[in-house]
Trainee: 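Structure provided below as structure tokens; questions to follow.
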Protein chains: 2
Amino acid sequence: MDAGGQRPAWTDPSCPVARTVDLVGDRWSLLIVRDAMDGARSFTDFQQRTGIARNILTDRLRRLAAHGLLTQVDAPSGRRRLYALTEAGKDLFPVIVTLRQWGERHAFEAGETHSVLVDGDGARVPDLLPVAANGSPLTSDTTSVRRHT
Amino acid sequence: MDAGGQRPAWTDPSCPVARTVDLVGDRWSLLIVRDAMDGARSFTDFQQRTGIARNILTDRLRRLAAHGLLTQVDAPSGRRRLYALTEAGKDLFPVIVTLRQWGERHAFEAGETHSVLVDGDGARVPDLLPVAANGSPLTSDTTSVRRHT
DNA sequence: CCCTTTGGTTGCAATTTGCAACTCTTGGGA
DNA sequence: TCCCAAGAGTTGCAAATTGCAACCAAAGGG
């Protein structure tokens with residue numbers, strides 16, 4: 001059933017980036033999360049929006065549910081099974097936003113059209129930028145990874 | 001040489017999230033970027049830090065370079081070939097940060113130790129949160145995707 | 001009752017990964 | 001000078017993972 005795999009559970013156990021990538025770092029998981037945030041609820045919603053193969057979709061939905069990002073709810077009337085993001089799943093919103101904003105900046109030729117993320121007033125969501133505790137902008141050159149015990 | 005693939009170039013041509021995932025949404029690319037941001041420069045730097053198979057690393061370095069995220073520079077003295085992030089590559093910093101912060105919040109049991117990201121003063125980098133133009137916090141429920149022409 | 005929709009399985013075939021072993025090019029040392 | 005040890009890749013497979021298509025079962029509707 002489960003792929004199982006003989007990999008050591010975590011690619012790099014102490015790195016939060018690696019753990020997150022282990023959970024959602026494949027071709028489809030983040031697109032499923034994106035669509036869930038955009039209103040997709042049913043198996044066919046996801047299948048049609050992403051174009052993913054059905055057996056893979058089955059696997060990814062179960063995997064995301066197993067890791068606590070999605071819940072499967074049997075709809076009260078009917079055999080439609082509905083999926084919804086958990087709090088942890090919804091908390092991936094900043095990840096989706098930064099991926100989207102990077103794509104908008106670097107993955108389109110000038111003039112190519114693409115969708116944009118807007119707030120309740122229809123205004124474009126401003127770029128997300130890491131800042132220090134004192135509010136100054138940060139880059140990879142002005143930060144470092146500290147071993148935390 | 002190149003895998004080429006028969007996929008239509010982009011999984012979902014108008015979605016910036018999908019394009020970004022097409023470029024870096026695999027098991028290794030983002031970890032390579034993470035290590036580059038943390039000071040990795042040479043082939044073996046990346047190989048040792050990630051534990052990736054050498055042939056895959058070769059492929060990923062070339063692919064990232066082909067897509068403009070990395071540059072390959074032949075070191076002046078010596079046969080070491082050095083890799084460095086381009087501006088586009090460095091611009092993935094917010095993505096790495098949000099992945100890291102999600103991992104810190106959701107991918108560790110209480111008590112498990114993990115690394116943390118700190119600014120120049122050694123203070124932990126605050127969580128990145130999407131906000132509207134007027135500064136109010138945003139979630140997936142209070143934003144929407146607009147077709148942009 | 002029959003037919004359609006939804007949500008999956010199953011059986012392969014085609015890709016992609018990963019492990020090992022092998023190559024090639026410097027740069028030193030003895 | 002000659003030999004050896006990196007560094008940076010190749011190459012050859014074997015093992016996993018993907019994807020396509022066809023098949024199946026349970027509701028609902030007409």
Side-chain angles (χ1 to χ4, degrees), chain A residues 1-12 18 21-32 35-36 39-66 70-84, chain B residues 1-12 18 21-32 35-36 39-66 70-84:
Chain A
M1 311 285 147
D2 180 40
Q6 277 333 321
R7 271 192 298 262
W10 296 116
T11 299
D12 182 348
V21 169
D22 279 344
L23 297 181
V24 297
D26 65 88
R27 263 185 81 47
W28 297 113
S29 294
L30 285 169
L31 296 185
I32 290 170
D35 287 338
R41 295 285 103 102
S42 67
F43 187 89
T44 44
D45 279 352
F46 290 108
Q47 211 272 313
Q48 292 174 343
R49 296 196 195 203
T50 59
I52 185 176
R54 262 108 80 58
N55 52 345
I56 305 299
L57 178 56
T58 300
D59 180 78
R60 292 301 182 276
L61 290 171
R62 288 206 212 300
R63 165 187 282 279
L64 288 171
L70 275 186
T71 48
Q72 306 180 6
V73 184
D74 287 315
S77 63
R79 97 269 75 196
R80 282 169 73 90
R81 172 167 293 195
L82 297 183
Y83 298 88
Chain B
M1 304 293 140
D2 179 39
Q6 276 336 320
R7 271 192 296 265
W10 296 116
T11 298
D12 182 348
V21 169
D22 279 344
L23 297 181
V24 297
D26 65 88
R27 263 184 81 49
W28 297 114
S29 294
L30 285 168
L31 297 185
I32 290 171
D35 288 337
R41 295 285 103 101
S42 69
F43 187 91
T44 44
D45 279 350
F46 290 108
Q47 212 273 313
Q48 292 175 343
R49 296 196 197 202
T50 59
I52 185 175
R54 267 103 107 25
N55 51 347
I56 305 299
L57 177 56
T58 301
D59 180 79
R60 291 301 182 277
L61 290 172
R62 287 207 211 300
R63 163 186 285 278
L64 288 171
L70 276 186
T71 48
Q72 305 180 7
V73 184
D74 287 316
S77 64
R79 94 270 79 190
R80 287 166 70 90
R81 171 165 294 197
L82 298 181
Y83 297 88

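All chains are named by letter (A, B, ...) in the order of the sequence lines, taking the proteins before the strands, and each is independently numbered beginning at 1.
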Trainee: Taking the side chain from B:Arg41 and the backbone from B:Ala36, do they hold a donor-acceptor pair closer than 3.5 Å?
Mentor: yes
Trainee: What pairs with B:Asp35 under salt bridge (charged side-chain N to carboxylate O under 4.0 Å, His left out), at least two apart in sequence or on another chain?
Mentor: none
Trainee: When you check the gap from the basic side-chain N to the acidic O, do A:Asp74 and A:Arg80 get nearer than 4.0 Å?
Mentor: no
Trainee: What is the distance from CG of B:Leu82 to C1' of C:dT26, rounded to the nearest Å?
Mentor: 15 Å
Trainee: Of all the nucleotides listed (D:dG9, C:dG8, D:dG19), which has the minimum atom distance to the side chain of A:Phe43?
Mentor: C:dG8
Trainee: Do the side chains of A:Leu64 and A:Ser29 get nearer than 4.5 Å, heavy atoms only?
Mentor: yes
Trainee: Provide, to the nearest angstrom, the distance between the OH atom belonging to B:Tyr83 and the P atom belonging to D:dG7.
Mentor: 14 Å
Trainee: How long is the line joining CZ of B:Arg54 and P of C:dT16, in whole Å?
Mentor: 22 Å
Trainee: A:Asp12 versus A:Asp22: any side-chain heavy-atom pair under 4.5 Å?
Mentor: no
Trainee: Could you tell me how far apart B:Trp28 (CH2) and D:dT17 (P) are, to the nearest whole angstrom?
Mentor: 13 Å
Trainee: Counting distance alone, no hydrogens or angles: does the base of D:dG19 have a donor or acceptor under 3.5 Å from a partner atom on the side chain of A:Asn55?
Mentor: yes
Trainee: Within this structure, what is the CG-to-P distance between A:Leu70 and C:dG7, rounded to whole angstrom?
Mentor: 14 Å
Trainee: So, is A:Arg81 close to the D:dA26 phosphate, meaning a side-chain N or O under 4.0 Å from OP1 or OP2?
Mentor: no
Trainee: Ignoring the backbone of A:Arg80, work out which of D:dC20, D:dG9, C:dT6 is nearest its side chain.
Mentor: C:dT6
Trainee: Find out whether A:Leu61 and A:Phe43 are in side-chain contact, i.e. whether some heavy atom of one side chain is under 4.5 Å from a heavy atom of the other.
Mentor: yes
Trainee: Strictly below 4.0 Å: does B:Thr44 bring a side-chain N or O up to OP1 or OP2 of D:dA6?
Mentor: no
Trainee: Pull out every residue in residues 45-52 of chain A that has a heavy atom closer than 4.0 Å to any atom of DNA chain C, ordered by number, or say none.
Mentor: none
Trainee: Expressed as a whole number of angstroms, how long is the span from A:Ile56:CD1 to D:dT18:C1'?
Mentor: 5 Å
Trainee: Ignoring backbone atoms, establish whether B:Arg27 has a side-chain N or O less than 4.0 Å from OP1 or OP2 of D:dA16.
Mentor: no
Trainee: Is there a donor-acceptor pair closer than 3.5 Å between any side-chain N or O of B:Asp59 and the backbone N or O of B:Ile56?
Mentor: no
Trainee: In whole Å, I'd like the distance from the CG atom of A:Asp26 to the C1' atom of C:dT15.
Mentor: 15 Å
Trainee: Tell me: CG of B:Asp22 to P of C:dT16, nearest whole Å?
Mentor: 13 Å
Trainee: Identify which nucleotide among C:dT17, C:dG11, C:dG18 has an atom closest to any side-chain atom of B:Arg60, counting heavy atoms from C-beta outward.
Mentor: C:dT17
